[in-house]
Amino acid sequence: MSMLEKVNFNYDFSMNQENLFTPAHTKFDVTIEYNGMCYVTEYQCNTQYTEPTKEDVMECLILDAMSYEDAADVESFVFDFGYADNKESLRRGFAAYEACKKTYEALHIMFTDDEIYAISDEIND
């Protein structure tokens, strides 16, 4: 059985539809379960084209975690992702950094580094 097959995944329409990426996006509450542990987070997608899938959600979570891990510090994260334009942009950048940090911590509680890499490899094959 592959690593991804061992991960349980569910999603529901979120009652909070604020702060969407675009007006065409829909926010979902997703639940990831593995090895007796559970992580609940938000996920957005444009349902005109797709619904949340385990592969898409896990890929986004892993990419967010890697973005946090790869950043030397919050300032480099904000600069590297283009949030350094103005005060409002900086505020959003700091919030994005904290969200990526939270995802990093949650994934590393649920999975080992090897398991995260295995899931990532499965998704990208």
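The first residue in the sequence is number 1, and the count goes up from there. Heavy-atom basis, side chains included; hydrogens, waters and symmetry copies ignored.
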Intermediate values then yes/no, ring pair (Phe, Tyr, Trp, His ring centres under 6.0 Å), Y34 and F111: CA-CA 8 Å; Y34 174 72; F111 304 99; 4.8 Å; yes

Would a hydrophobic clustering, with Ile, Leu, Val, Met, Phe, Trp and Tyr connected at side-chain separations under 4.5 Å, put L4 with M37? yes

Rounding to 0.5 Å, atoms OG (S14) and CG (L20) come to a distance of 9.0 Å

| With no hydrogens and no angle check, is any side-chain donor or acceptor of T103 less than 3.5 Å from a backbone partner on A99? | yes

Between E105 and K102, is there a salt bridge with N-O shorter than 4.0 Å? no

Quick check: Y68 with Y97 (ring centres under 6.0 Å apart)?
yes

ask   = Quick check: does any side chain N or O of T47 sit under 3.5 Å from a backbone N or O of T50, one acting as donor and the other as acceptor?
value = no

Taking T112's backbone N and O only, do any of them form a donor-acceptor pair with E115's side chain (distance below 3.5 Å, no angle check)?
yes

Rounded to the nearest 0.5 Å, the CD atom of E5 sits from the NZ atom of K54 at a distance of 7.5 Å

Check: F21 main-chain N/O paired with Q44 side-chain donor or acceptor under 3.5 Å:
yes

Measure up the F13 and F28 rings against each other and bin them: parallel (under 30°), tilted (30 to 60°), perpendicular (over 60°).
-> perpendicular

**Request:** Determine whether L107 and V40 fall in the same hydrophobic cluster, where Ile, Leu, Val, Met, Phe, Trp and Tyr are linked whenever their side-chain heavy atoms lie under 4.5 Å apart.
**Result:** no

According to a hydrophobic-cluster definition based on side-chain heavy atoms being under 4.5 Å apart (Ile, Leu, Val, Met, Phe, Trp, Tyr only), do F79 and Y83 belong together? no

Paired with E42, the side chain to side chain contact (heavy atoms under 4.5 Å, CB included) test is passed by just one of V30, N16, N19, namely N16

- Message: Are F94 and V78 packed together at the side-chain level, in the sense that at least one heavy-atom pair is separated by less than 4.5 angstrom?
- Response: yes

Using modelled atom types and a 3.5 Å cut-off, is there a donor and acceptor pairing between side-chain atoms of Q17 and backbone atoms of T26?
no

Sorted by chain and number, sequence neighbours left out, salt bridge (charged side-chain N to carboxylate O under 4.0 Å, His left out) with K101 holds for none

Stepwise, does the side chain to side chain contact (heavy atoms under 4.5 Å, CB included) test hold for E33 with N10? CA-CA 9 Å; E33 295 176 286; N10 293 299; 4.0 Å; yes

Worksheet item: Does the pair M110 and N35 meet the rule for a side chain to side chain contact (heavy atoms under 4.5 Å, CB included), with working shown?
Response: CA-CA 7 Å; M110 293 182 73; N35 205 23; over 6 Å; no

(message) Count I, L, V, M, F, W, Y as connected when their side-chain heavy atoms are under 4.5 Å apart, and connections chain through other members. Are Y104 and I62 then in the same cluster?
(response) no

> Any link between I32 and Y117 through a network of hydrophobic side chains (Ile, Leu, Val, Met, Phe, Trp, Tyr) touching at under 4.5 Å?
Replying inline: yes

Would you call the rings of F77 and F81 parallel, tilted or perpendicular, where under 30° means parallel and over 60° means perpendicular?
-> tilted

Pairing donors with acceptors under 3.5 angstrom, does anything connect the side chains of S89 and N86? no

Value for OG (S120) from CG (L63), rounded to nearest 0.5 Å, stands at 7.0 Å

### Query
Would you say the side chain of H108 lies within less than 4.5 Å of the side chain of D113, judging by non-hydrogen atoms?
yes

Test side chain to side chain contact (heavy atoms under 4.5 Å, CB included), reference I119, set M58, E59, E55, K6, output is M58

Q: Please assess D29 against Y11 for the test side chain to side chain contact (heavy atoms under 4.5 Å, CB included), listing each intermediate value before the final yes or no.
A: CA-CA 6 Å; D29 296 321; Y11 68 90; over 6 Å; no

Is it true that, when you exclude K27 itself, more than 12 heavy atoms of the residues, nucleotides or ligands shown sit nearer than 6.0 Å to its NZ? yes

So, does D56 use its side chain to make a donor-acceptor pair with the main chain of P52 at under 3.5 Å? no

Q.
Pair D73, S76 - check side chain to side chain donor-acceptor pair (under 3.5 Å), show working.
A. CA-CA 6 Å; D73 52 34; S76 64; 3.2 Å; yes

Go through the steps for M3 and D121 under the test side chain to side chain contact (heavy atoms under 4.5 Å, CB included), then give the verdict. CA-CA 10 Å; M3 262 308 297; D121 287 346; over 6 Å; no

